[in-house]
Amino acid sequence: MDTLTHDGLQFEVVDGGPTDGDVVVLLHGYPQDASAWNGVAPQLHGAGLRTLALQQRGYSTDSRPGPVSDYRIDKLVGDVLALLDAAGVDRAHVVGHDWGGAVAWALAASHPERVASLIVLSTPHPTALRRALLRGDQARRSWYVLAYQLPWLPEQLMARFVRRGGLVRTGLPADHARAYAEKLGQSRHMRGAIHWYRAALRPSGGLLARGAGDGEVSVPTTYVWGSRDPFLGRDAAGGSGEHVTGDCRFVEVQTGHWLPERKPELVAEEILRRAVGE
């Protein structure tokens, strides 16, 4: 499948690997796109797995709704459920990085029957993250979440930032930085991605609001965190396992935030460990 039609929107989907293989859903974060998984997916295909990399809500021309309320957690989880339904998949291994990781946590908590295993990169469990915001240096690391609540200015500044190669200074490889700039280098294209942050703090359905994604995760879970991540610190990362009742594996890597792009071999290895037992 190349596209998904859902909720009045049309999403791009990168569908690869053997069509009869077990399915791995790949959810990118901000300000990435589905190409974040280009180094990971071929390794999964070689092991007989099919991958569905969703271009998430707000990141494609035909899937950029205007209202902030359209980026609530139930909408984002609903997009993944619609993807599984459209592909005829009852259960999938779900992998998410950054905001994609937040969606993956929420999906596994609310619909464990659809998740064979959960692999989250960088992003802590939402309850652990909220707790960490009240102590240590996580609030300092997350200052930009408040700045993104301003109208129109954040998309103007971030579009210019990615257009001028600013993501390279955060540790992202230059080829990926150029690819993401092509998608989000204009403020009108950046707006949907920024809306994730605006919706995150809304009291009803926000990804960071109390009660959102709070459920314990019962499915087999692997959480991979880069100890040099400038955005997500140890307090939040270390507390995530407290919210997993199923088998839980925590992997600490001596690297930064951009795990799919910087460590594709390691990411693929951890996915395969869950998906095929390697």
Side-chain angles (χ1 to χ4, degrees), residues 27-33 36 56-59 63-73 75-76 96-103 105-106 121-172 176-177 180-213 225-226 228-237 256-259 261:
L27 304 173
H28 69 82
Y30 168 86
Q32 300 160 300
D33 59 35
Q56 295 217 74
R57 181 176 291 241
Y59 285 84
S63 63
R64 292 188 179 116
V68 172
S69 60
D70 281 344
Y71 297 82
R72 301 189 314 262
I73 183 59
K75 293 279 191 178
L76 305 171
H97 174 247
D98 190 77
W99 276 123
V103 176
W105 282 117
L121 313 176
S122 302
T123 308
H125 186 279
T127 303
L129 179 56
R130 282 196 298 274
R131 186 184 303 128
L133 286 169
L134 301 177
R135 66 188 188 199
D137 68 347
Q138 187 57 55
R140 176 184 60 78
R141 292 172 183 264
S142 301
W143 67 270
Y144 56 90
V145 177
L146 291 177
Y148 283 177
Q149 304 307 306
L150 295 170
W152 70 265
L153 183 60
E155 46 263 56
Q156 297 280 341
L157 295 178
M158 280 305 301
R160 184 192 307 172
F161 180 76
V162 301
R163 209 168 49 239
R164 295 183 176 181
L167 291 174
V168 175
R169 296 197 295 274
T170 70
L172 184 68
H176 285 279
Y180 303 158
E182 289 180 8
K183 290 275 188 179
L184 299 177
Q186 301 297 324
S187 60
R188 67 183 184 278
H189 297 157
M190 180 66 74
R191 183 163 295 117
I194 296 291
H195 275 356
W196 282 60
Y197 288 91
R198 292 179 175 133
L201 297 184
R202 297 290 174 94
S204 176
L207 275 167
L208 294 180
R210 186 173 298 279
W225 172 70
R228 300 171 188 164
D229 192 321
F231 311 114
L232 299 162
R234 185 175 296 278
D235 285 341
H257 181 71
W258 308 102
L259 294 173
E261 299 92 344

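The model shown is predicted, which means the values in this text are computed figures rather than measured ones.
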Heavy atoms, side chains only, cut-off 4.5 Å: are [X] and [Y] in contact?
X      : Y      : result
Asp98  : His257 : yes
Glu261 : Tyr180 : yes
Asp33  : Leu184 : no
Lys183 : Gln32  : no
Pro230 : Thr170 : no

- [ ] Please state whether the rings of Tyr71 and Trp196 are parallel, tilted or perpendicular, taking 30° and 60° as the class boundaries.
- [x] tilted

TODO: Check the angle between the aromatic planes of Trp258 and His97 and answer parallel, tilted or perpendicular using the 30° and 60° thresholds.
DONE: tilted

Can you tell me if [X] uses its side chain to pair, donor with acceptor, with the backbone of [Y] under 3.5 Å?
X      : Y      : result
Gln186 : Gln156 : no
Arg57  : Leu76  : no
Arg141 : Asp229 : yes

- [ ] Supply the atom-to-atom distance Met190 CE to Arg160 CZ, rounded to the nearest 0.5 angstrom.
- [x] 12.0 Å

TODO: State the OH-NE2 distance between Tyr59 and His189, to the nearest 0.5 angstrom.
DONE: 14.0 Å

Taking every non-hydrogen atom, the tightest pair across [X] and [Y]:
X      : Y      : value
Phe231 : Ser142 : O-OG, 4.2 Å
Ile73  : Ala106 : CD1-CB, 3.6 Å
Asp235 : Ala132 : CB-CB, 3.9 Å
Leu259 : Ser122 : CD1-OG, 3.5 Å
Pro31  : Val162 : CG-CG1, 4.3 Å
Ala159 : Ser187 : CB-N, 3.6 Å

- [ ] Given side chain to side chain contact (heavy atoms under 4.5 Å, CB included), test Leu27 with Gln56 step by step and report yes or no.
- [x] CA-CA 7 Å; Leu27 304 173; Gln56 295 217 74; 3.7 Å; yes

Task: Contacts of type salt bridge (charged side-chain N to carboxylate O under 4.0 Å, His left out), residue Arg135, not counting sequence neighbours - done: none

- [ ] Give the intermediate values and the outcome of side chain to side chain contact (heavy atoms under 4.5 Å, CB included) for residues Phe161 and Leu167.
- [x] CA-CA 7 Å; Phe161 180 76; Leu167 291 174; 4.0 Å; yes

Pairs of donor and acceptor atoms involving the side chains of residues 145-155, under 3.5 Å and at least two apart or interchain, shall be tabulated with distances.
residue: Tyr148; atom: OH; partner: Tyr30; partner atom: OH; Å: 3.1
residue: Gln149; atom: NE2; partner: Val145; partner atom: O; Å: 2.9
residue: Gln149; atom: NE2; partner: Tyr197; partner atom: O; Å: 2.9
residue: Glu155; atom: OE1; partner: Arg198; partner atom: NH1; Å: 3.4
residue: Glu155; atom: OE1; partner: Arg198; partner atom: NH2; Å: 2.5
residue: Glu155; atom: OE2; partner: Arg191; partner atom: NE; Å: 2.8
residue: Glu155; atom: OE2; partner: Arg198; partner atom: NH1; Å: 3.4

